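Notes to accompany the following structure.
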There are 2 protein chains.
Amino acid sequence: METRELAYFAAVAEELHFGRAAERLGIAQPPLSRAIQKLERRLGVLLFDRSGRRVVLTPAGEVLAREAAKALDAVAAAEHRTRRAGLTEPRLVVALKPGGDGALLPDILAAYQECPDALPVEVVLCGVAERARLLRDGTADVAFLHSPWEDLTGFDTEPLLVEGGVAVVPTRHPLAARPFVHLADLDADPIPRWPDPRASESRTSDPRAFEPRTSERQASGPHVASGLRAGDAAQLMQLVALGRMIAVVPESVKEQVRRDLACVPVVDAAPTTVVLAWPEQTRSPALAAFVRTAADVAAGDVARRPAVEPGIR
Amino acid sequence: METRELAYFAAVAEELHFGRAAERLGIAQPPLSRAIQKLERRLGVLLFDRSGRRVVLTPAGEVLAREAAKALDAVAAAEHRTRRAGLTEPRLVVALKPGGDGALLPDILAAYQECPDALPVEVVLCGVAERARLLRDGTADVAFLHSPWEDLTGFDTEPLLVEGGVAVVPTRHPLAARPFVHLADLDADPIPRWPDPRASESRTSDPRAFEPRTSERQASGPHVASGLRAGDAAQLMQLVALGRMIAVVPESVKEQVRRDLACVPVVDAAPTTVVLAWPEQTRSPALAAFVRTAADVAAGDVARRPAVEPGIR
DNA sequence: AGGATCGATACCCTACGGGTATGGAGACGC
DNA sequence: GCGTCTCCATACCCGTAGGGTATCGATCCT
């Protein structure tokens, strides 16, 4: 199976439309149809059901959709990491989303530069959906991720700090004046909550926690059950400002929310762990030093400032 | 990067000889040379140093060798798993090396067939080197592996039982009559030991345990420092019978050694854990049931028979 | 120095991947 | 119910990427 075929299949599997997939791939539709047919013949398996008006994945197609994503990431990783290994001036690439570092990054960078085998650090800012991907496809060496929000399979991790949650509400909202709230207070409010509590099924890789197949590829971006969708944090905050949504976010992003919104600690929100993640089996002294200093900085930081508002727990 | 290119590169990286690699790939040597050159041009990186008489990997080539192996496994896995998903009669494929199940498999299979969502089980016997590969490339769903001998990264695991080690020696060897020995006794003997104690550096994926690069691809098969090599267990046992080697193996394989060899418990040998391993993120009720029953059977088994000879520890 | 070994280059050829044009089947409207 | 639109499949043509054979050239050994 060639990578090109996998990429073609992945495009059709995402679009569920040969024409649009072909457009995205920059080729015409007929060769795409033929490529998928050829793939199906070689595998001896139907991947799509095109009998009806809509193109839909067969069970085998669902399997290949998951596997193809992994395989394409692995191939991209091979390419990226080899390219980077060939550079005369090696770098350490750190990926994070804005505010995703729990305000630790400046201290970490400062401490890291003192290390004997420190490399120049390149910081890549990206959206929530890209972070894990950058790590999986070899663009980044290490990333700040949020457990349990993000899938950590395939990564080794170092937990840095545990954060409670704060509810982001409009300043004039009745809850805005409270010193703290419970999740039940938010549930009692008619405004829908993000993230959607109903969508928070636990994702574990233990097969004993079997759950029927769902289309998971799309589930990365913030979205809500009511049909409202927010493409990024700014849009989400706009929805909050409009009184259409209440967001529950890790407390460290509190500093970055708009002035016209209020943050109220949610005492029983599921805690978020900010973890440093890197690909399994990595052997790099530069990365090792980075992880070590990050852990040290985080430990020192926790010692200096209490993690949660005193007196609440 | 196409899979074909990766496969070509991997072949050359293993053979370190364009002619032999081409032969193995079933193509002529010139197209292989060109393909590698093209790859190097596209990546902007030299992968091999062909200046001398020997072809040798550059640092970037070493990186790609590791990454290519992973990527090719992922692609093969996509293919195998999709094929298997298309079968009308799904099966559960279990991989193990002879004796690698700690004598648990018959009981596990019997108990498993009672489960509501049990599938027909196909048992694949293979050598020590293939086992992990079968799992990584999607040929098998689950495998019995030996920790810490085998690399478990990328797998989820369930430990089944912990075994001590026994030394396999010729019946007339002085140690054969002893009720037990220590590793020091073996070290005192002039006959070399397998596995080679000097080669047993710990393999962890934590980058803090950085170790300089070694050529690891080859290190899977049994081999010894003295230049003697045993391709499989039978050859190893032959070497033992010839008095050229002493083997230390998990105690459960004791039942299978030749009549003309003696087994002596090694009280301070590193314990081996027989684990059931399956790919991360697997979601299959059949596999879940298999893992659960295997864990139950192993637990019951340990309860029934003491794991180690009583009185030794 | 001469030969052997082994990778690179030159040249040709086939087959595969891609494009355009068109067919044909399902969903929908009037 | 027939036309129509949509969308995937088929037919046919073309260019080039990838493979083969012959040969060169460099390195190392004797």
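By convention in this document, chain letters (A, B, ...) are assigned in the order of the sequence lines, proteins followed by strands, and residues within each chain are numbered from 1. Keep in mind the model is a prediction, meaning the values are calculated, not measured.
B:Arg66 has no carboxylate O lying under 4.0 Å from a charged side-chain N of B:Glu62, or vice versa, which leaves the two without a salt bridge. Between A:Glu40 and A:Arg50 there is a salt bridge, with a side-chain nitrogen of the basic residue lying less than 4.0 Å from a carboxylate oxygen of the acidic one. No salt bridge links B:Glu130 with B:Arg133; every basic N to acidic carboxylate O contact stays at or beyond 4.0 Å.
Counting only heavy atoms from C-beta outward, the side chains of A:Glu280 and B:Glu280 approach each other to under 4.5 Å.
Listed by chain and number, the residues in a side-chain contact (heavy atoms from CB on, under 4.5 Å) with B:Ala71 are A:Ala74, A:Val75, B:Leu6 (sequence neighbours excluded). Every residue meeting the side-chain hydrogen bond (donor to acceptor under 3.5 Å, both in side chains) condition with B:Asp151, not counting sequence neighbours, appears here in chain and number order: A:Gln281, B:Thr153.
Tested against B:Asp141 for a side chain to side chain contact (heavy atoms under 4.5 Å, CB included), the candidates B:Arg84, B:Arg91, B:Arg81 yield a single pass: B:Arg84.
Straight-line distance from the CD1 atom of A:Ile27 to the C1' atom of D:dA9: 15 Å, rounded to whole Å. Atom-to-atom, CE of B:Met1 to P of D:dG18 comes out at 14 Å; the value is rounded to the nearest Å. Rounding to whole angstrom units, CD of residue A:Glu40 and C1' of D:dA9 are separated by 12 Å. Spacing between atom CG of A:Asp49 and atom P of D:dC7 amounts to 17 Å, rounded to whole angstrom units.
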Using atom types as modelled, flag every donor-acceptor pair under 3.5 Å from a side chain in residues 21-39 of chain B to any protein atom, sequence neighbours excluded.
unit_1	atom_1	unit_2	atom_2	d
B:Arg24	NH1	B:Glu15	OE2	3.2
B:Gln29	NE2	B:Ser33	OG	3.0

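Protein chain B contacts DNA chain C from C:dT5 to C:dC11, reading 5' to 3' and using non-hydrogen atoms of the protein with a distance under 4.0 Å.
Relative orientation of the B:Phe48 and B:Phe9 rings is tilted, given thresholds of 30° and 60° on the angle between their planes.
Across residues 32-39 of chain A, A:Arg34, A:Lys38 each have a non-hydrogen atom less than 4.0 Å from an atom of DNA chain C (numbered order).
In terms of modelled atom types and a separation under 3.5 Å, the side chain of A:Glu2 and the main chain of B:Arg4 share a donor-acceptor contact. Checking side-chain atoms of B:Arg54 against main-chain N and O of B:His17 turns up no donor-acceptor pair under 3.5 Å.
Taking for each of B:His17 and B:Pro31 the nucleotide of DNA chain C with the nearest heavy atom, the 5'-most of the two is the partner of B:His17.
Among the atoms of the strands shown, only primed sugar atoms or phosphate atoms (P, OP1, OP2) are found under 4.0 Å from some heavy atom of A:Tyr8.
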With B for base contact, S for sugar-phosphate-only contact and - for none (protein heavy atoms under 4.0 Å), nucleotides 23-29 of chain D reads ----BS-
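When distances are taken from the side chain of B:Ala28 to each of D:dG19, D:dT21, D:dC8, the shortest belongs to D:dT21.
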